[in-house]
Amino acid sequence: MATLLSEPGLETGPAETAATAAATTTTAAPRRTRKISRERVSAHDGFLTHASGRWAKVGGTLALLSLGLYLFAGVSAAHFGGSWLGYSLGTIGALLIVWLTMLGMRKRAITPGRWSLKAWTSAHVYLGLALLVVGTLHSGFNFAWNVHTLAWALMLLVIASGMFGVWAYAVLPRALSDNRFDAGGAITEKQMIEALRSLDRQLHEAAQPLAPDDAALVETSLDEDPFAGSLVARVSGSYPNCATRRAARQLREARAFRPRTAGDPLDKVDSLLARKEAMLGRMRRHLKLKAWLQLWLYVHVPMTFALLAALSAHIVSVFFYW
Amino acid sequence: MGPVSEMFRVAIVGSGPAGLSAAGRAAQLGLSHVLLEKTDHLSDTIYKYQKGKHVMATPSQLVLRSDQEFAAGKREDILGKWNERTREIGVNVKYNADVKSIRGTGPAIEGSVQKIVTRARDGTSTTKEVQRHAPPYAIELTNGETVMAEAVILAIGTQGNPNLMRCPGGDLPHVTYQLDDPTAILDEHIVVIGTGDAGIENARGLAEDAAQGNIVTVLNRAPRSTNVRESFATAKEPNAKALVEDHEAKKLTIRYETETKEVEPGWIVLTTRDGEERIRCDRIIARIGSAPPRGFVESCGIEFASADRLAFPVLSPTFESTAPGIFVIGALAGYPLIKHCMNQGYDVAEFIDGNTTLKPADEPLLAAKFAGLPGKRSVDQWLEFVRSNVSILEGMSPLQMREFMLDSDVRAYAKGETVFERNDPGSSLFGIAGGSVHVLVDAADPSKVVRIEQGSIFGEVGLISGRRRGATIVAAEPAICVEISRNAALKLQSQVPSAKKAIERIGVERQLLQMFGAGLTSEDIAGAVETAKIQQVKAGEAIITEGEDGNDIFVIRVGSMIVEKEIGGKPVFLSYLPAGSYVGEMALIDGGQRTATVRAAIKSEVIRIDGAAFGQVLAAKPALLERARRDMDVRRKTNALIESKKDGFSGVVDLFSEQAKFLVGQGLGEATDVLLIDERLCVGCDNCEKACADSHDGLSRLDREAGKTFAHLHVPTSCRHCEHPHCMADCPPNAIHRGPDGEVFIDDTCIGCGNCQRNCPYGVIRMEKVPPKKPPLLSWLLFGAGPGPGEPPYKWSKKHTRYTGDPAIDQALDRKKAIKCDMCAGIDGGPSCVRACPTGAAIRVAPDEFLTVARLEHEST
Ligand SMILES: Cc1cc2nc3c(=O)[nH]c(=O)nc-3n(C[C@H](O)[C@H](O)[C@H](O)COP(=O)(O)OP(=O)(O)OC[C@H]3O[C@@H](n4cnc5c(N)ncnc54)[C@H](O)[C@@H]3O)c2cc1C
Ligand code: HEM
Ligand code: SF4
Ligand code: SF4
Ligand code: SF4
């Protein structure tokens, strides 16, 4: 703040902003402040098309250049890694990998400045794809059962998972949004959970007048934890043993054999169970989509660290034992 | 008349901080006195704060002058000290003394007649004249007793009495305004009107136990929404949620978009979206807020400054009202902070006791305001200098001037110094108390200037429209200007009607000059200004209708408009017009019928200028006509583009049009900067929320998932930085300001009263305490220390709050204050939420940047 106040032109009166406001009774608007640069945008522009595909062009150029040199510079393929071109590609590749890893830091260190994570992601994706070419050419196609090939394979795995991630990012958000859509606005995850809780309470109350067997069925639905379920269930969105569905089905079956009466408490329970099923379905779809949007990162990131380890081993062994 | 008391020297009505302090001083001075309090405890307003509330003692520079103690602290401690001290100094308190009327019992005061104007909803008004009588005053209580006093101090605050139902039948006996014991009511059909906390608590209490057999209906004027903060804007969120849940559990019924039309014995007639409906009703509980105490105050012979809702009583420098011997202090007099109230209580008792030399306690604050100015003048001289030199301030009393200056600033400018620059945000008004200033009318050529003389004002366009400054202002010679904050300017306009008129007239002329650019002078447009009328427009109302005749020009002064055209039987959105633009020129220039419909996006104000008069200005000024034609051509092109797209890409145009209307429905019409998420890109990582928290005290100022969505365009719950922020309206310490980047922010003087949270229609303000600092990011990344990025979980914060055992520090740690988005002002690079979005889904935009055809082109390619 001290630096702000010593800015020329500010002597005429301290400028008050959210960043500098101290206790004061005046509401006078400030007259002059240091100009803070603010990025203005006026339309949505996704990371794949960011800045008219600037990073796609950079990545593409890098890949083509590497390929061109590899094909036409006439460097022998045996011991390619030790050649000038091999060294260059290796250095570029290693630096790229380190830089690509830095995305994890950039995403979480919310420092001031004119950076945007979208631009980073854009560059990450296209340079990461270019790395496929750079890294593979660096290998000179000398594959064997050693740490060098391991590093290359891990790199492929990271890149492949990244490609999957891009697919997920491109395709799934619409479905996530559609699933949240609601005529009164857009329902949030928290509201889905609250709605389920509220339905449970209503079910509990509505089940009071039921016969013990029927009540026990409703109870199984109430006891079910909507978040339980295996990873497979979460990812596939299919819960074959769903207690709510079973309870609804069995109650309906049982009712088919009983005489119909007006004001049957089962009517209310039935409609509540149907509503709960629908809400559960919606939440499960929500969780499934979110899982697909995130799960691949559980491959991408750990493999990144494995890659960094293998890469270090590769570099150390190259310099000491070649 | 019931029993009559002895004659007191002074009766104090209301035992809030103001009345309590006045009574304390009276007791210390040995004046015979009585303190009349409606309830059975002292200081009802503070008594009703939530339990354990941290009460703030702002403004901190103001010294406290009272026989009562007051420092920031817990509500319970403060009330405890006041109770004890009141007993100790022997204040004569009379509880359960609800004052109903105050009448002079002396001879009629010649020529002193109080005019009381009552306005009905339909705009008609009736005037009643009441002859004032000299003291002593007979103070009549609702229990029939009468208290006699030579002087009265009115300190009843602004809580007022419950609002009454005004529809036909509203006076029937089953219409009630409170509910003491919900369990005592059995087997009734009950309609609860009002969806604030009180109404909700009553409704839920009545429906709680199904065995009571009550059938409870709650009427809500607002439409249903998944965000209860929208559908129940005046209630606390948990209360509203609980009510919605009771509705879903069929314990009671909420009827949305419903109002009462008429009450009949045993029935109530409702207006709903689908027409009228009549339902059974044995009891109505109306909890529809409270009416300001103005009616009662006026009936005591006390005049208000104007008919405006914001107006306060007219007072002398010693707080005496127009009824001789009745003094008004505290929130009722326009001073909503406890410290002010207490100081006034002390002062007024001194004045009544004959002290004429007492200097007001705010003297040092004012002295500090004038400290930097050239020339040695005392505070009183400076006040008089400003008052007599700035023409709009002439009608102010010395007391009003003091209060006014507390909310304003005065500065000296050297010749050539800039006062503000074009495109700076700012909604304050400036008055020239000395010297003169130049308006740079041409941004490209600093030599083109227009002079504004001493006594006049500038900056009024920003004040009225809430938009950025239209031109740069520099001092033409050494000058002294007062900067009048928006709040002070609004107060001024309600206190001094002539000031309001002057600001309006100058505003119209300047707006026209500014809009049509250089080369025009006041004389050129005098004819047009003459015909100009200011017109209020309701949201959704059309000022121009397609296909009609008419050639008047409209200038949007406040609010914003949307332009629509009927294409293929459907209204299609053409463009968005922010405040400061004009419409209607096409029919004027080219003749013919109106080619599009223009309607208000939100409640707006337009200046309507007679077409013929404006035509003459155009005829006399070919350059202006040329400009108007150019503007018109741009608009024509836009329309043509949309119409042509409509053939080939009608789906795209429909989407564009409907999205635009959705956004306007979401309040974009009054926004200056709004967070929009393209849900086709949003992966739900919540990095935006985490980034916001990490750059703002660990508290996120946006709720990404909440808010409405239309065709994948999502408006999350986050501040829109409204042109005329509703949140600012009622902030006791004036803690909400607009900053240099146009951001609306809350400073550290927030007392946590929650008014802004209730007043914001978009539910974006939270009351929170600041969580403890987290360990740095690297220690989390490497060692897993702390809760990681984003807002820490409640449990973690609780566990890591370091209490010291010192109550002053601990209470500050627990202090809840209002937090909201500040647009990341002062953070280089701009909004963190936008910068931290990995996919580009989140952007912050001004509505006029976003609602353009450029977007349509973008989408359809
Ligand atoms: C939630 C909340 C939080 C706040 N927090 C703070 C804070 O932290 N710091 C701060 O400085 N300010 C705060 N304020 C503002 C402050 O409480 C009020 O401005 C202040 O109490 C006004 O004092 P007063 O004496 O003018 O009136 P009040 O305190 O309103 O007292 C009026 C008294 O008059 C009585 N009365 C009314 N009508 C009659 C009648 N006809 N006959 C007899 N008695 C009558 C009432 O029962 C009441 O006791 C807050 C306000 C609210 C609502
Ligand atoms: C060897 C090369 C790569 C490395 C080391 C790497 C590493 C990383 C790391 C560390 C993250 C941060 C994850 C997090 O913290 O949440 C990340 C995210 C990501 N990577 Fe990669 N990556 C590589 C290649 C790629 C490629 C080729 C693609 C795409 C084709 C890709 C797509 C992504 C995407 C979409 C994200 C998510 C961005 C976000 O949500 O913040 N990556 N990567
Ligand atoms: S807090 Fe609410 S009322 Fe205030 S500027 Fe933001 S959106 Fe508008
Ligand atoms: S602009 Fe800044 S303060 Fe506002 S929501 Fe975004 S990150 Fe938070
Ligand atoms: S950061 Fe972007 S992608 Fe992530 S939740 Fe926010 S808007 Fe969606």
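Proteins come first, then strands; the chains are lettered A, B, ... in the order of their sequence lines, and each starts at number 1.
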Proximal component of [X], with respect to chain B [non-hydrogen, under 4.5 Å]:
X      : answer
A:R201 : side chain
A:R106 : neither
A:L172 : neither
A:H204 : neither
A:K107 : both
A:Y169 : both

Measuring only between side-chain heavy atoms, which start at C-beta, is B:L676 closer than 4.5 Å to A:H44? yes
Close side-chain approach of A:Q294 and B:V683, heavy atoms under 4.5 Å: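 When only atoms from C-beta onward are counted, B:V683 and A:Q294 do not touch, as no gap falls below 4.5 Å.
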Could you have a look at [options] and say which one has the most heavy-atom pairs with chain A under 4.5 angstrom?
options                        : value
B:P789, B:G707, B:A691, B:S695 : B:A691
B:V845, B:I843, B:L681         : B:I843
B:P838, B:C682, B:A249, B:A841 : B:P838
B:L62, B:V244, B:T709          : B:T709

Rounded to the nearest 0.5 Å, how far apart are [atom1] of [X] and [atom2] of [Y]?
X      : Y      : atom1 : atom2 : value
A:T111 : B:D828 : OG1   : CG    : 10.0 Å
A:Q191 : B:K241 : CD    : NZ    : 7.0 Å
A:R174 : B:D678 : CZ    : CG    : 8.0 Å
B:E245 : A:E194 : CD    : CD    : 7.5 Å
A:L176 : B:R680 : CG    : CZ    : 14.5 Å
B:R835 : A:I110 : CZ    : CD1   : 7.5 Å

Return the option, out of A:L103, A:D178, A:L48, A:I187, with the maximum number of heavy-atom pairs under 4.5 Å with chain B.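 Answer, by heavy-atom pair count under 4.5 Å with chain B: A:D178.
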Tell me if the CD atom of B:E248 is crowded by more than 12 foreign heavy atoms within 6.0 Å.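 Yes, because the 6.0 Å sphere around CD of B:E248 holds more than 12 heavy atoms from other groups.
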Take atom CH2 in A:W120; do more than 12 heavy atoms of anything else shown fall under 6.0 Å from it? yes
salt_bridge(B:E705, A:K190) N-O dist < 4.0 Å: no
Check: B:H712 main-chain N/O paired with A:S177 side-chain donor or acceptor under 3.5 Å: no
